[in-house]
Amino acid sequence: MGKYFGTDGFRGEANVDLTAGHAYEVGRFLGWYYGRGDHRARIVVGKDTRRSSYMLEYAISAGMAASGADVYLLHVTTTPSVSYVTRTDGFDCGVMISASHNPYHDNGIKLMNREGEKMDEATIRLVEDYLDGCLEVDGQPFSKLPFATGEGVGSIVDHTAGRNRYMGYLISLAVYSFRGKKIALDCANGSAWSIAPNVFRSLGADVHVINDRPDGLNINLDAGSTHMDGLRRYVKEHGCDAGFAFDGDADRCLAVDERGELVDGDQIMYLYGAYMKERGKLLTNTVVTTVMSNFGLYKALDRAGIGYAKTAVGDKYVYEEMVRGGHRLGGEQSGHIIFSKYARTGDGILTSLKIMEVMMAKKETLSRLAAPVTVYPQVLINVRVKDKKAAQDDPAVQAAVRAAADRLGDTGRILVRESGTEPLVRVMVEAPEKAQCQELAQNVVDVIAAQGHKAE
């Protein structure tokens, strides 16, 4: 990860870690970089409902236009819609202003290439070099970038038509009417609030919506895919057939079955993977997961005769593995689900439509479809350490991890990994019983401490 951009964009507290000045300069770079030569860059921009998203949208758009780019504003929309519009409307790149599931005071800048995929690391490094005043492109240093003048100055125009086309695209992917189904949607007071309900209503569902009153400060506030209790209660109390919760920029979706029970990303991957396999559509017979997927998912996939790949945590890595192996389905336990035939990113609303497709096709309840995945108890202990690599490489720590793995056998697993952003080693154990998880995880933590790796 770079100095400013992590696995999911440039993110931090608005006007502290990520300022309007940063946004303007990122815009200056993008407008110049994609407009080199005789080409006038075309860039599409979307944002979520945070108060600071407007400030950052205006700042980055001003920077782009000052460098000669034409800027097309989708306004409040979802991250996957920016991806879709970027690749289908021939834009040079796409920008989403969002901090996803973070609280309102944080924000972020997500960059996408012309294919609607997350921006490549080489271009990200150039953006960071420009922010640090040490940009070099094609062997030429650029301490400052030229301003466009005269007719070369870029324009900034409304492009809500692109968002509407994305909604039409989602509706076109549905193969069944949802008439007769009572569906609850938790829009997290974020990007999904004006899109998801309209899509579901267009498909005939009896739609019940919560957390669809964004005020700039309430995005993800006790709402959406990171706070599922409200939707679980609503589905149960109102007799809904299912409920779907999105995060702030709607690239995630978690579900609730008719009993009010959570259906997480692992269960979603299983039920749709099994559905694809039955129809001969799971072309490589493989689902791409991250190392944090639950052990119960792997046991269920084994029983179904479906293979799986494991990547580092992050939907970026899931997508890269899907492209490398030609896989059709992948995702994270958190609800980033990627259907590579239809999208280049996780898409929460698309995920909810695909779950509905399986329910309608098989005429089954969501609880029955998710039932083959037994979610194993999990304990995760974060240990603040002096040196992450030294702690993990310590022979005594490795011996403790092996001892735990031997005790678990094929009934569970232990995973010890470094945090990508903090001085932490994460010790995770999954087993049939919570007490065993706690015991084995604590044993490893105690060894880390005894070996002197724990930070004060």
task: May I have the step-by-step check of side chain to side chain donor-acceptor pair (under 3.5 Å) for His227 and Asn220, ending in yes or no?
output: CA-CA 8 Å; His227 300 85; Asn220 300 313; over 6 Å; no
task: Report the distance from atom NZ of Lys341 to atom CE of Met276, rounding to the nearest 0.5 Å.
output: 8.0 Å
- prompt: Glu364 side chain to Leu369 main-chain N or O, any donor-acceptor pair under 3.5 Å?
  reply: no
message: Strictly distance-based, threshold 3.5 Å: is any side-chain N or O of Arg252 a donor or acceptor partner for the main-chain N or O of Ala245?
response: no
- request: Answer yes or no: is there a donor N or O on one side and an acceptor on the other, between the side chain of Ser67 and the main chain of Arg28, under 3.5 Å?
  value: yes
task: Kindly give the heavy-atom pair with the smallest separation between Asp315 and Ile338, and that separation in Å.
output: O-CD1, 3.8 Å
Spatial distance of atom CG (Leu74) from atom CD1 (Ile97) [nearest 0.5 Å]: 11.5 Å
message: Taking the six-membered ring of Tyr319 as reference, does the cationic atom of Arg344 (NZ for Lys, CZ for Arg) lie under 6.0 Å from its centre and within 45° of its axis?
response: no
- prompt: Any side-chain heavy atom of Asn285 within less than 4.5 Å of one from Ile306?
  reply: yes
statement: From the list Asp241, Leu271, Ile268, Val256, side-chain contact (heavy atoms from CB on, under 4.5 Å) with Leu366 holds only for Leu271
- request: Under the ring pair (Phe, Tyr, Trp, His ring centres under 6.0 Å) rule, collect the residues that match up with His75, sequence neighbours excluded.
  value: none
message: Can you confirm whether or not the ring centre of Tyr308 sits under 6.0 Å from the ring centre of Tyr298?
response: yes
task: Give a yes or no on whether the backbone of Leu231 and the side-chain of Asp186 come within a donor-acceptor separation of less than 3.5 Å.
output: no
Neighbour count above 12 (heavy atom, 6.0 Å) for Arg279 CZ: yes
task: Could you tell me whether the side chain of Asn294 and the main chain of Tyr376 form a donor-acceptor pair under 3.5 Å?
output: yes
Donor-acceptor contact present, side-chain Thr86 to main-chain Gly116, <3.5 Å: no
query: Can you name the closest pair of heavy atoms from Leu262 and Met228 and give their distance?
result: CD1-CE, 3.7 Å
- request: State, yes or no, whether a side-chain contact exists between Val375 and Gln267 at a heavy-atom distance under 4.5 Å.
  value: yes
field: Heavy-atom side-chain contact between Tyr317 and Val291 under 4.5 Å
entry: no
field: Test log, rule salt bridge (charged side-chain N to carboxylate O under 4.0 Å, His left out), inputs Lys118 and Asp8
entry: CA-CA 8 Å; Lys118 289 191 175 181; Asp8 201 24; 2.9 Å; yes
task: Locate the shortest heavy-atom distance separating Gly31 from Ala69; write the atom from each residue and the value.
output: CA-CB, 3.8 Å
task: Output, in order, the C-alpha distance, side-chain angles, deciding distance and verdict of side chain to side chain contact (heavy atoms under 4.5 Å, CB included) for Tyr104 and Arg51.
output: CA-CA 7 Å; Tyr104 83 91; Arg51 178 173 291 181; 5.6 Å; no
query: Going through the checks in order, is the side chain to side chain donor-acceptor pair (under 3.5 Å) test met by Tyr4 and Asp132?
result: CA-CA 10 Å; Tyr4 303 101; Asp132 285 337; 2.5 Å; yes
task: Assign the ring pair Phe91 / His159 to parallel, tilted or perpendicular, where the plane angle (0 to 90°) is split at 30° and 60°.
output: perpendicular
- request: Work out which heavy atom in Leu170 is nearest to a heavy atom in Leu353; give both atom names and the distance.
  value: O-CD1, 3.6 Å
- prompt: Got Met64 and Val95 here, is their nearest side-chain heavy-atom distance under 4.5 Å?
  reply: yes
side-chain contact (heavy atoms from CB on, under 4.5 Å) partners for Arg259, two or more places apart: Asp257, Glu261, Ser367
- prompt: Which of these, Lys354, Lys362, Lys281, Glu357, sits in a side chain to side chain donor-acceptor pair (under 3.5 Å) with Tyr275?
  reply: Glu357
query: Is it true that a side-chain atom of Arg163 and a backbone atom of Val76 form a donor plus acceptor pair closer than 3.5 Å?
result: yes
query: Distance-only, no hydrogens or angles: does the Ser61 side chain make a donor-acceptor pair with backbone N or O of Tyr58 under 3.5 Å?
result: no
message: Counting C-beta onward and ignoring hydrogens, is there a side-chain heavy-atom pair between Asp251 and Ser100 closer than 4.5 Å?
response: yes
message: With rounding to the nearest 0.5 angstrom, report the OG to NZ distance, Ser83 to Lys110.
response: 11.0 Å
Flag side-chain contact, heavy atom, 4.5 Å: Thr290 against Thr311: yes
field: Shortest non-hydrogen contact from Met112 toward Cys93
entry: O-CB, 3.1 Å
message: Can you tell me how the ring of Tyr166 sits relative to the ring of Tyr84, calling it parallel under 30°, perpendicular over 60° and tilted otherwise?
response: tilted
message: Walk me through whether Arg324 and Glu321 qualify under salt bridge (charged side-chain N to carboxylate O under 4.0 Å, His left out).
response: CA-CA 5 Å; Arg324 187 197 66 77; Glu321 176 62 21; 2.6 Å; yes
message: Can a donor-acceptor pair be found, under 3.5 Å and without considering hydrogens, that links the side chain of Ser98 to the backbone of Met96?
response: no
- request: Quick one: closest heavy-atom pair of Val71 and Ala65, and the distance?
  value: CG2-N, 4.2 Å
query: Any side-chain heavy atom of Met360 sitting closer than 4.5 Å to one from Val175?
result: no
CE-CD1 distance between Met119 and Ile124, expressed to the nearest 0.5 angstrom: 6.0 Å
N/O donor-acceptor pair under 3.5 Å between Asp92 side chain and Arg42 backbone: yes
task: Applying side chain to side chain donor-acceptor pair (under 3.5 Å), run through Ser52 and Asn107 and close with a yes or a no.
output: CA-CA 7 Å; Ser52 61; Asn107 217 321; 2.8 Å; yes
- request: Report, as yes or no, whether the 6.0 Å neighbourhood of atom CZ on Arg36 holds more than 12 heavy atoms from other residues, nucleotides or ligands.
  value: yes
query: Using the ring of each side chain (for Trp, its six-membered ring), is Phe29 parallel, tilted or perpendicular to Tyr33, with breaks at 30° and 60°?
result: parallel
- prompt: Would you say the ring centroid of Tyr130 lies under 6.0 angstrom from that of Trp32?
  reply: no
task: Hey, could you give me the CZ/CD1 distance between Phe244 and Ile183, rounded to the nearest 0.5 Å?
output: 5.5 Å
- request: Fit a plane to each ring of Phe10 and His22, take the angle between them on a 0 to 90° scale, and name the class: parallel (under 30°), tilted (30 to 60°) or perpendicular (over 60°).
  value: tilted
field: From Leu18 atom CG to Arg11 atom CZ, the distance as rounded to the nearest 0.5 Å
entry: 10.5 Å
Enclosure of Lys182 NZ (heavy-atom neighbours >12, cutoff 6.0 Å): yes
Show which side-chain atoms of residues 189-203 pair as donor or acceptor with protein atoms under 3.5 Å away, not counting sequence neighbours.
unit_1, atom_1, unit_2, atom_2, d
Asn189, OD1, Asp212, N, 3.4
Asn189, OD1, Arg213, N, 3.0
Asn189, ND2, Asn218, O, 3.4
Ser191, OG, Thr77, O, 2.7
Ser191, OG, Gly248, O, 3.1
Asn198, ND2, Ser194, O, 2.9
Ser202, OG, Asn198, O, 2.8

message: With heavy-atom distances below 4.5 Å as the criterion, would you say the side chains of Ile337 and Met269 are in contact?
response: yes
